[in-house]
Student: 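Next up is a structure, given as structure tokens.
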Amino acid sequence: MNYNITIRQLTDEFEITTRTLRFYEDQGLLNPSRNGRNRIFCEGDRTRLNLILRGKRMGFSLAEIRTIIDMYEDKSGERQQLEHLQQKINEQRRSLLQKQADIVETLAELDRVEVGCVERVRELDNG
DNA sequence: TTTCTAACA
DNA sequence: TGTTAGAA
């Protein structure tokens with residue numbers, strides 16, 4: 001039921017590096033138990049890693065992911081946890097849409113400047 | 001061989 | 001997060 005796996009097995013399974021796992025631990029997203037100095041990961045850690053990776057796919061920062069996961073594991077107040085996650089999702093969506101709009105604007109500016117360049121070159125060629 | 005910590009051309 | 005040196 002409750003198995004222990006090495007850092008290697010976990011990195012192989014999720015295609016990440018040991019450095020990444022240790023980094024997540026440093027950031028407080030993971031806290032595997034220890035066998036002496038070596039890290040021992042259990043099912044809970046594996047589930048947690050899944051949530052971390054999912055959070056990354058949604059574009060959340062590790063700090064945001066940490067708070068979300070901490071709430072997720074806190075059995076009390078599931079409704080509040082879900083509402084918090086929805087709020088973060090909305091913020092993320094708004095942020096991405098804004099970036100998308102900014103890029104569209106920048107692209108349009110590039111087009112305008114390019115048109116100016118083309119016109120000026122024609123002037124030089126003609127006169 | 002594997003994992004760990006710590007540090008950074 | 002990558003890479004790597006040196007230790008356990």
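So that the names make sense, note that chain A is the first sequence line, chain B the second, and so on, each numbered from 1.
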Student: Under the rule for salt bridge (charged side-chain N to carboxylate O under 4.0 Å, His left out), what residues qualify as partners of A:D12, not counting sequence neighbours?
Tutor: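 Counting only residues at least two positions away or on another chain, A:D12 forms no salt bridge (charged side-chain N to carboxylate O under 4.0 Å, His left out).
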Student: Any pair with a residue in residues 80-92 of chain A that passes salt bridge (charged side-chain N to carboxylate O under 4.0 Å, His left out), sequence neighbours left out, goes on the list, sorted by first then second residue, please.
Tutor: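 Qualifying pairs: A:E64-A:K88, A:R79-A:E83, A:K88-A:E91.
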Student: State whether a side-chain donor-acceptor pair under 3.5 Å links A:R66 with A:Y24.
Tutor: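 There is no such pair between these side chains.
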Student: My understanding is that only residues two or more places apart in sequence, or in another chain, count here; which of them pass side-chain hydrogen bond (donor to acceptor under 3.5 Å, both in side chains) with A:Q98?
Tutor: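 Scan of A:Q98 (side-chain hydrogen bond (donor to acceptor under 3.5 Å, both in side chains), adjacent residues dropped) gives A:D102.
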Student: Which residues satisfy the side-chain contact (heavy atoms from CB on, under 4.5 Å) test with A:Q92, sequence neighbours excluded?
Tutor: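 Listed in chain order: A:F60, A:L96.
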Student: Identify all pairs in which a protein N or O lies below 3.5 Å from an N or O of nucleotides 3-8 of chain C, and state each distance.
Tutor:
unit_1	atom_1	unit_2	atom_2	d
C:dT3	O4	A:R19	NE	2.9

Student: Tell me which donor-acceptor pairs under 3.5 Å the side chains of residues 107-124 of chain A have, and how far apart each pair is, sequence neighbours excluded?
Tutor:
unit_1	atom_1	unit_2	atom_2	d
A:E109	OE1	A:R112	NE	3.2
A:E109	OE1	A:R112	NH2	2.7
A:R120	NH1	A:E123	OE1	2.8

Student: Please list all pairs meeting salt bridge (charged side-chain N to carboxylate O under 4.0 Å, His left out) that have one or both residues in residues 24-35 of chain A, counting only residues at least two apart or in different chains.
Tutor: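 Residue pairs with at least one partner in residues 24-35 of chain A: A:E25-A:R34, A:E25-A:R39.
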Student: State which residues pass side-chain hydrogen bond (donor to acceptor under 3.5 Å, both in side chains) with A:R22; sequence neighbours excluded, sorted by chain then number.
Tutor: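 Counting only residues at least two positions away or on another chain, A:R22 forms a side-chain hydrogen bond (donor to acceptor under 3.5 Å, both in side chains) with A:T18.
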Student: Checking A:R54 now: which residues fulfil salt bridge (charged side-chain N to carboxylate O under 4.0 Å, His left out) with it, not counting sequence neighbours?
Tutor: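 With sequence neighbours excluded, A:R54 shows a salt bridge (charged side-chain N to carboxylate O under 4.0 Å, His left out) to no residue whatsoever.
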Student: Counting runs of three or more consecutive pairs, Watson-Crick or G-U wobble, with each distance below 3.5 Å, where are the stems of DNA chain C?
Tutor: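 The stems are B:2-8 with C:2-8.
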Student: How would you label the contact of A:T6 with the nucleic acid (heavy atoms, under 4.0 Å): base, sugar-phosphate, or nothing?
Tutor: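 Sugar-phosphate contact only.
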Student: Walking along DNA chain B from 5' to 3', note the first and the last nucleotide with an atom under 4.0 Å from a heavy atom of chain A, and give both.
Tutor: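 The footprint of chain A covers B:dT3 to B:dA7.
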Student: Run the side-chain hydrogen bond (donor to acceptor under 3.5 Å, both in side chains) test against A:N126 and tell me which residues pass, sequence neighbours left out.
Tutor: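 By the side-chain hydrogen bond (donor to acceptor under 3.5 Å, both in side chains) rule, A:N126 matches no residue at all.
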